[in-house]
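Remarks on the structure that follows.
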Amino acid sequence: MAEATRLGEGLRAYRLIAGMWIRSTMTYRTSFALTVVGNLLITGMDFAAILLMFSQVDSLGGWTLPEVALLYGLSATAFGFADLLLGSMDVLGGRIRDGSFDTLLVRPAPVLAQVGADQFALRRLGRITQGVLVLGYALVAVDVEWTAAKVLLVPVMVVCGAVIFGSLFVAGAAFQFVAQDAAEVQNAFTYGGGTLLQYPPTVFGTDLVRGVTYVLPLAFVNWVPAAYVLGRPYPLDLPEWAAFAPPLVAGGFCVLAGLAWRAGLRAYRSTGS
């Protein structure tokens, strides 16, 4: 009961803080629209690079353009939602360094909700939009014999992928309690992980694929379940049921990230400034 109450308080605090930033953003609607379009175009350059590759080759690691587009759309959409909701976690190191993090500790609201909603940026909707557009193209163009299980697995991949990326944001923020200003290290795993999953696993070395499967479970965002949808061999010869493991993996990773956050918060020592 206490945990449920705490969760409710956190969600309410997040909603209030995010709402404040949204109202501030919507004060200048033209500027907001331009930044969203700019964000869409800039993030869309990643897929433009893939299109450029396919203008020279017929396949990438044995995967066709629609198949790679499916990986890209799933990764970009899932990461876009996580980035929208928790993308400001990387500023925690700066707050710790300049002492402003202490002000969050004395406010009557969960610290994680405050950090997550801080500087909530609606412009990140541009990333989600271009991810959805590419995903829509892939679902139409890909050569797949659709079944009920495969159809249901698509939204499951997006939701579970967002949870996995969100957990990675939280775990990265927890690391900053130790390293203090390590935003670039965090971004290497969050933004870098999102870019990694836009390409098929067959273009990477076995050790890297093993690392993002068993250490950081990013492979369960799209590589493993998408292999089932496309009828392709699973990375690392995983069992067939692994395609349906994303909810379990996402839940477990979320718990671990929460524990890491609690440990980091308890170990925090004020700068005194």
Side-chain angles (χ1 to χ4, degrees), residues 3-4 6-11 13-15 17-18 71 74-93 110-121 124 127-128 131 153 155-179 182-198 208-226 235 242-268:
E3 289 296 328
R6 189 68 173 170
L7 176 61
E9 292 176 352
L11 292 175
Y14 183 96
R15 178 175 58 82
I17 297 171
L71 294 180
L74 290 168
S75 174
T77 304
F79 181 82
F81 280 112
D83 189 40
L84 174 67
L85 298 175
L86 294 171
S88 298
M89 298 293 290
D90 58 357
V91 303
L92 178 62
V111 178
L112 180 58
Q114 296 183 66
V115 176
D118 190 25
Q119 300 180 26
F120 187 91
R124 291 171 177 151
R127 181 188 296 274
I128 298 174
L153 201 53
V156 168
M157 281 189 278
V158 173
V159 173
C160 293
V163 173
I164 290 173
F165 277 124
S167 299
L168 191 58
F169 273 112
V170 174
F175 173 72
Q176 294 200 55
F177 283 116
V178 178
E184 295 306 318
V185 176
Q186 178 179 344
N187 290 341
F189 288 96
T190 52
Y191 290 90
T195 301
L196 177 78
L197 296 181
Q198 294 171 3
L208 177 60
V209 175
R210 188 177 290 114
V212 297
T213 301
Y214 298 118
V215 181
L216 291 178
L218 295 177
F220 291 92
V221 173
N222 61 356
W223 281 356
V224 177
F244 303 95
L248 181 62
V249 173
F253 195 33
C254 185
V255 170
L256 291 176
L259 293 174
W261 172 263
R262 285 190 175 185
L265 190 59
R266 288 171 180 170
Y268 170 70

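The residues of the chain are indexed from 1 along the displayed sequence. Note that the structure is predicted; figures quoted are calculated from it, not measured.
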Query raised in the report: Does any non-hydrogen side-chain atom of F253 lie less than 4.5 Å from one of L216?
Result: yes
L197 versus F79: any side-chain heavy-atom pair under 4.5 Å? no
CG of L92 to CD of Q114, rounded to nearest 0.5 Å, is 11.5 Å
| request: Say whether, by atom type as modelled, one donor and one acceptor occur between the side chain of T190 and the main chain of Q186 under 3.5 angstrom. | output: yes
Value for CG (L112) from CH2 (W261), rounded to nearest 0.5 Å, stands at 5.5 Å
Y14, OH atom: more than 12 neighbouring heavy atoms under 6.0 Å:
yes
query = Does any non-hydrogen side-chain atom of V185 lie less than 4.5 Å from one of F189?
reply = yes
To the nearest 0.5 Å, atom CG of L248 lies from atom SG of C160 at 9.5 Å
To the nearest 0.5 Å, atom CG of L85 lies from atom CZ of F169 at 10.0 Å
Discussion item. Treating S88 as the side-chain partner and D118 as the backbone partner, does any N or O pair qualify as donor plus acceptor under 3.5 Å?
Written reply: yes
(message) So F244 and V156, do their side chains get closer than 4.5 Å, heavy atoms only?
(response) no
* Taking the side chain as every heavy atom from C-beta outward, state whether F120 and I17 have any atom pair closer than 4.5 Å. => no
Is the shortest heavy-atom distance from the side chain of L265 to the side chain of F177 under 4.5 Å? yes
Rounded to the nearest 0.5 Å, the OG1 atom of T77 sits from the CG atom of L74 at a distance of 7.0 Å
Rounded to the nearest 0.5 angstrom, the CZ-CG distance for F175 and L168 is 12.5 Å
